[in-house]
Amino acid sequence: MLIQKPADIRPSEITSKENYLNRRDFIRAGSIAGASVLAGPALGAIVPDQQRARLADVARSEFSTIEAPNDYEDVTTYNNFYEFGTGKDDPHQNAQDFDPRPWSITVAGHAEKTGTFHFEDFIRLFDLEERIYRMRCVEAWSMVIPWVGISLADVVKHYQPTSKARYVAFETLHDPVRMPGQRRRVLDWPYREGLTIAEAMNPLPILAVGVYGETMPNQNGAPIRLVVPWKYGFKGIKSIVRINFVEKQPQTSWNMAAAREYGFYANVNPEVDHPRWSQARERRIGAGLFAARQPTLMFNGYGEQVAHLYSGLDLRKNY
Ligand SMILES: Nc1nc2c(c(=O)[nH]1)N[C@H]1C(S)=C(S)[C@@H](COP(=O)(O)O)O[C@H]1N2
Ligand SMILES: [Mo]
């Protein structure tokens, strides 16, 4: 990392005004390849990506942690995105040529409003916010990531699910030409995830469209991905093309691959170990080679906001 950003300074205070766009420009910029609206010089020097643009007028949400975010390089070069390879550096290496625009999102199933929408039309109805969240991967590492996104609850309310809708299912783009990792059957593509309606209506989950005040880097799930901060990272499905309101608990990729290891709920829980490793502690990326692993918190520290969703549920059985 060339420049270490001090904690708790908004990206907007670091980056020069020229790099800012108004919201209309941001939306337009996304569709112009090689637009002149590049990341600030320091960021551009690390990860050149012609398509990134600043997201303007983004207020920080009260749900943000005051913990120091991981630096930009960690967030954008240490990734899990099997559509672009199974290594940590693969997504950053192999997703550079992925072009996430134009993009459309289909909303289907038990809802009053359904249809297929251009990405820009889909997000423009909702307020963008910055949400700095802890992310705990099931592999026992963690980061703090400054996302920019829209509230999933707002999206769900807008489409008006009917009483038949008990779950929301999400799907990633399935296109082995554009996502070369899908040519190997490491998972049953497309990547699939889901939440209960109550989880989706909680104020914490977001559909993220950026990090560090910029449009989403490809390797982080461009142009739009789910973030559910109290669940293991694999629930945060990337590059979403389909949102489906369903009656039955949907099949989810990691659960289909290894049900004993990855449950549908996947709430962060230091007391329920993965069959092959302990979940009691985590390695904070960027903390340094000799830093001690830190304790993992129940619900990743978001219990106050979400524990009520699971009252009466045996979290050992419903892992
Ligand atoms: N489509 C898709 N979404 C995905 C994954 C994936 O392989 N494919 N990996 C998941 C896992 S295991 C984690 S930890 C997070 C990582 O998000 P990040 O790379 O933006 O930190 O994305 C999740 N979303
Ligand atoms: Mo993960």
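These values consider heavy atoms only, across backbone and side chains, with no hydrogens, waters or symmetry-generated copies. Each ligand, and each atom within it, is numbered from 1 in the order the structure gives. Remember, predicted model here, so these are calculated numbers, not experimental data. Each residue takes its place number in the sequence, starting with 1.
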In the protein, which heavy atom is nearest to [atom], and how far is it?
{"atom": "atom 24 (N) of ligand 1", "value": "Gly236 O, 2.9 Å"}
{"atom": "atom 8 (N) of ligand 1", "value": "Glu83 OE1, 2.8 Å"}
{"atom": "atom 9 (N) of ligand 1", "value": "Asn80 O, 3.2 Å"}
{"atom": "atom 21 (O) of ligand 1", "value": "Met135 CE, 3.2 Å"}
{"atom": "atom 15 (C) of ligand 1", "value": "Gly233 O, 3.5 Å"}
{"atom": "atom 17 (O) of ligand 1", "value": "Arg225 NH2, 3.1 Å"}
{"atom": "atom 18 (P) of ligand 1", "value": "Lys238 NZ, 3.4 Å"}

With atoms numbered from 1 as shown, which atoms in ligand 1 lie under 4.0 angstrom from a non-hydrogen atom of [X]?
{"X": "Ile237", "value": "3 (N), 24 (N)"}
{"X": "Thr172", "value": "1 (N)"}
{"X": "Cys137", "value": "14 (S)"}

* To do: Give yes or no for whether the N/O distance cutoff of 3.5 Å, strictly under, is met between Tyr78 and ligand 1.
  => no
* Would you check if the distance from the ring center of Trp254 to the ring center of Tyr262 is below 6.0 Å? => yes
* Asked: Does the ring centre of Tyr133 sit less than 6.0 Å away from the ring centre of Tyr302?
  -> yes
* To do: May I ask which of Phe81, Phe84, Tyr191, Tyr82 has a heavy atom nearer to atom 4 (C) of ligand 1 than the others do?
  => Tyr191
* Quick one: sort the Phe84 and Phe81 rings into parallel, tilted or perpendicular, breaks at 30° and 60°. => perpendicular
* **Geometric class of the Phe264/Tyr167 ring pair [parallel <30°, tilted 30-60°, perpendicular >60°]** => perpendicular
* To do: Would you give the length of the straight line joining atom CG of Leu195 to atom CD of Gln249, rounded to the nearest 0.5 angstrom?
  => 11.0 Å
* To do: Could you verify whether a donor N or O on one side chain and an acceptor N or O on the other, from Ser142 and Arg284, lie under 3.5 Å apart?
  => yes
* What closest approach, in Å, do Ile132 and Pro69 show between heavy atoms, and which atom pair accounts for it? -> CG2-CG, 4.2 Å
* Asked: Would the number of heavy atoms belonging to other residues, nucleotides or ligands and lying under 6.0 Å from NE2 of His118 be above 12?
  -> no
